[in-house]
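What follows is a single structure, written as structure tokens, with notes after it.
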Amino acid sequence: MQTTKTEVMNCSHYINGQYVKPENAKTFENVNPATEEILGYVAEGGKEEVDQAVSVARKALKSEWGNMPLRERSAIVRKIGDLILERKDELAELESLDTGKPLWLSTGVDIDRAAYNFHFFADYMTTLGTESYQQDDKAIHYAIRRPTGVVGLINPWNLPLFLMTWKLAPALAAGNTVVMKPSEVTPMTATVLAQICTDAGVPDGVVNMVHGFGETGAALSTHEDVDAIAFTGETVTGTAIMKAAAPTLKKLSFELGGKNPNVIFADADMDDVIDTTLRSSFINQGEVCLCGSRIYVERSAYDEFLERFAAKARELKVGDPFDKDTKVGALVSKEHYEKVLSYLDIAKEEGGTFLTGGKAAEGFDKGYFVEPTIITGLGSESRCVREEIFGPVVTVVPFDTEEEVLEQVNDTHYGLSASLWTSDIKRATRVSAQIEAGIVWINTWFLRDLRTPFGGMKRSGIGREGGAHSFDFYSELTNITVKL
Ligand code: NAD
């Protein structure tokens, strides 16, 4: 069954296998960030809708889904990936309308990877073992895996479908039931995804979705009958969720903010450095949690790097997400655009120099476009160096020694990822082991293998996702001891 345009553009909740939008439902506007046109009026769910969704999710957990043979469940989860690929063009268009990101990026990255999340976790689950021990002639101990329960999936706006599926796929593969809360800024692709799950054969009540703002998310994190919350978003929101979830001691998985360093030594392959740093700085308008926004360059390569990096950044075409030549689209919302521009004012006040950008992109009457911005001359106390801006804005700072750069790199509450560039393998392994981050790339960026642990340390997250790590969160182990 195809989702109707009205259900998508005027996003309804999805509860018990059906779209739900009462006649007199409270709604809010969903705005296209590239044109400022209203895309639709989204249902705003509150405690009542969350209660309803959690209640059907609880019932569904006890029904066929929780007890379905793994092979059957895995085939359904795989099918969701197939259906996403079948509807790729439609989903990519919706993602670009909602986020302002270039269509080629939605198509080639967001939607493809969303589909792969289902294929990967469906297969992985079927190979997953547990521990067992024989204790001499006294006993055999073995662990069994069961679903964590009803899981709330609360997500941000930067990679809406991709990040939702990164949680939903392992949650379903492990037999959980869920209530999704997509970002209020980008509700459309999750609205289609809910229907796709039903079309793939997921029983009613297993996948539910309630739209709304922070209060809707809070209704999930405080809910007595929600067993776990998987959250991706800002660090401050993580704090609020942790507090809200404390009385019911929910299991928590947090993927939070970052202020990721790129460390470039003079012996690195500079062509590769420039091309990759361009991507890690400005892809998706810099709105990727893994973007490298603090760039440290060894002094002897500093001038060459700046000259070549700035020249390439000036060539990036900013504009219409649906123009195939566009490299940088619109920022996701007016609020976010104003936040990013406010950091450009801060950079000026702090005495920074704009090598490129430093302002809203010119030539647009409408839409939230910002020029790719490279700032130099800021010290380690600068707010632009310390705080997550989450836009097409990077700072570049020279360094002289390994010790000095490590001190600056680790001088932050964040610890998500880092990218390290050198042709000296000994230095690469030595320095990478000292960077306080959950992910360190050597001579690359954003190269992912879904079997590897993904997540942040310090205030960038709690727990790891990916491969078996996802299943540690989405399942509980019971150890069984048999006396011999
Ligand atoms: P956000 O924290 O403002 O919102 C994320 C979600 O949380 C939204 O659905 C929102 O409605 C909900 N929410 C807000 N207040 C809540 C509350 N009190 N209780 C429960 N839910 C609440 O984040 P955002 O602005 O949408 O996304 C950008 C942030 O996400 C950045 O900080 C970025 O680094 C981070 N991010 C991290 C990763 C990662 O893997 N570590 C990936 C992508 C984005």
Side-chain angles (χ1 to χ4, degrees), residues 11 28 30 33 42 44-47 50 98-99 101 110 113 117 152-167 179-187 190 209-223 226 229-246 250 252-260 283-293 331-340 387-391 412-417 437-439 446 448 450 453-466 469-470:
C11 304
F28 59 93
N30 183 24
V42 182
E44 182 179 340
K47 191 175 171 322
V50 168
D98 235 355
T99 58
K101 74 175 74 190
D110 293 68
R113 289 193 178 198
N117 284 337
L153 311 179
I154 305 179
N155 265 41
W157 45 254
N158 62 323
L159 306 163
L161 190 72
F162 169 63
L163 288 174
M164 188 61 89
T165 59
W166 175 237
K167 300 184 187 318
V179 180
M180 305 190 280
K181 210 302 272 172
S183 168
E184 58 274 28
V185 187
T186 53
M209 179 187 55
V210 182
H211 289 291
F213 295 85
E215 298 75 44
T216 315
L220 270 175
S221 22
T222 49
H223 205 289
V226 171
I229 297 283
F231 169 72
T232 299
E234 283 196 20
T235 296
V236 289
T237 314
T239 310
I241 292 178
M242 201 167 192
K243 278 190 199 152
K250 288 183 191 7
L252 299 174
S253 159
F254 282 175
E255 300 289 1
L256 307 176
K259 186 73 185 177
N260 311 306
I283 200 161
N284 208 49
Q285 304 70 243
E287 297 166 329
V288 179
C289 55
L290 304 166
C291 274
S293 51
L331 296 193
V332 76
S333 66
K334 185 164 194 279
E335 191 189 350
H336 187 57
Y337 170 72
E338 285 170 354
K339 177 188 149 183
V340 171
E387 297 173 16
E388 185 182 42
I389 301 174
F390 216 55
T412 169
H413 289 306
Y414 292 116
L416 185 55
S417 71
I439 302 147
F446 214 160
R448 297 272 296 116
L450 302 194
F454 177 91
M457 56 170 72
K458 295 160 95 174
R459 294 185 200 169
S460 285
I462 296 181
R464 295 291 181 272
E465 297 181 288
H469 303 277
S470 292

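Atoms within each ligand, like the ligands themselves, are counted from 1 in listed order. What you see below is based on every heavy atom in this structure, not just the backbone, and it leaves out hydrogens, waters and symmetry mates.
- A distance of 9.0 Å separates CD1 of I283 from NZ of K101, quoted to the nearest 0.5 Å.
- The nearest protein atom to atom 17 (C) of ligand 1, hydrogens excluded, is given as G214 O, 3.6 Å; this is a heavy-atom distance.
- Applying the 6.0 Å contact sphere to NZ of K243 captures no more than 12 heavy atoms from other residues, nucleotides or ligands.
- Short contacts between ligand 1 and W157, defined as distances under 4.0 Å to a heavy atom of the residue, involve ligand atoms 24 (P), 25 (O), 26 (O), 27 (O).
- Every atom of ligand 1 with a heavy atom of T232 under 4.0 Å away is listed here by number and element: 5 (C), 36 (N), 37 (C), 38 (C), 39 (C), 42 (C), 43 (C), 44 (C).
- With a 4.0 Å cut-off on non-hydrogen atoms, H336 does not touch ligand 1 at all.
- Considering every non-hydrogen atom in both V340 and F390, the closest pair reads CG2-O, 4.4 Å.
- A donor-acceptor pair shorter than 3.5 Å cannot be found between the side chains of N158 and N284.
- Under 4.0 angstrom from ligand 1, the non-hydrogen atoms of N158 all belong to its side chain.
- Of all protein heavy atoms, the one lying nearest to atom 12 (C) of ligand 1 is I154 CG2, 3.7 Å.
- Of the N or O atoms in E388, one or more lie within a sub-3.5 Å distance of an N or O in ligand 1.
- To the nearest 0.5 Å, atom NE2 of residue H223 and atom NZ of residue K250 are 8.0 Å apart.
- Applying the 4.0 Å criterion to heavy atoms of I241 picks out, from ligand 1, the atoms 19 (N), 20 (C), 21 (N).
- The contact set between ligand 1 and P182, taken as ligand atoms under 4.0 Å from a residue heavy atom, comprises 9 (O).
- Remark: minimum distance from atom 37 (C) of ligand 1 to any protein heavy atom is reached at L256 O, 3.1 Å.
- Among all protein heavy atoms, the one lying closest to atom 36 (N) of ligand 1 is C289 CB, 3.6 Å.
- Within the listing of ligand 1, atoms 41 (N) sit less than 4.0 angstrom from a heavy atom of L416.
- For atom 6 (C) of ligand 1, the nearest protein heavy atom (residue, atom name, distance) is N155 O, 3.3 Å.
- Checked against a 3.5 angstrom limit, the closest N/O atoms of A240 and ligand 1 fall outside it.
- Of the residues M180, K181, M164, the one that meets the side chain to side chain contact (heavy atoms under 4.5 Å, CB included) test with M209 is M180.
- Here the CD atom belonging to E465 is positioned 10.0 Å from the CG atom belonging to N117, to the nearest 0.5 angstrom.
- Counting only heavy atoms of the protein, atom 23 (O) of ligand 1 lies nearest to E234 N, 3.4 Å.
- The protein non-hydrogen atom at the shortest distance from atom 28 (C) of ligand 1 is F390 CE2, 3.7 Å.
- Residue contact check for ligand 1: S183 places a non-hydrogen atom closer than 4.0 Å to it.
- Atoms of ligand 1 lying under 4.0 Å from at least one heavy atom of G217, given by number and element, are 19 (N), 20 (C), 21 (N).
- Figure legend: cation-pi geometry between R113 and F446, with NZ or CZ positioned under 6.0 Å from the six-membered ring centre and within 45° of its axis.
- Considering CD1 of I439 and CE of M457, their distance stands at 10.0 Å, rounded to 0.5 Å.
- A salt bridge links K334 to E338: at least one charged side-chain nitrogen sits closer than 4.0 Å to a carboxylate oxygen.
- Put simply, the side chain of T186 never gets that close to the backbone of P182: no donor and acceptor are under 3.5 Å apart.
- A donor atom on one side chain and an acceptor atom on the other are not found under 3.5 Å apart for K167 and S253.
- With ligand atoms numbered from 1 in the order given, ligand 1 contributes 2 (O), 5 (C), 6 (C), 7 (O) to contacts under 4.0 Å with heavy atoms of F231.
- To the nearest 0.5 Å, the span separating OG1 on T237 from CD1 on I154 amounts to 9.5 Å.
- Considering only non-hydrogen atoms, atom 3 (O) of ligand 1 lies nearest to T237 out of T237, L163, N260.
- Rounding to the nearest 0.5 Å places CG of L163 at 6.5 Å from SG of C289.
- Contact annotation: F254 has no heavy atom less than 4.0 Å from any atom of ligand 1.
- Closest protein heavy atom to atom 27 (O) of ligand 1: P156 CB, 3.2 Å.
- Using a 4.0 Å cut-off to heavy atoms of E184, the atoms of ligand 1 that qualify are 8 (C), 9 (O), 10 (C), 11 (O).
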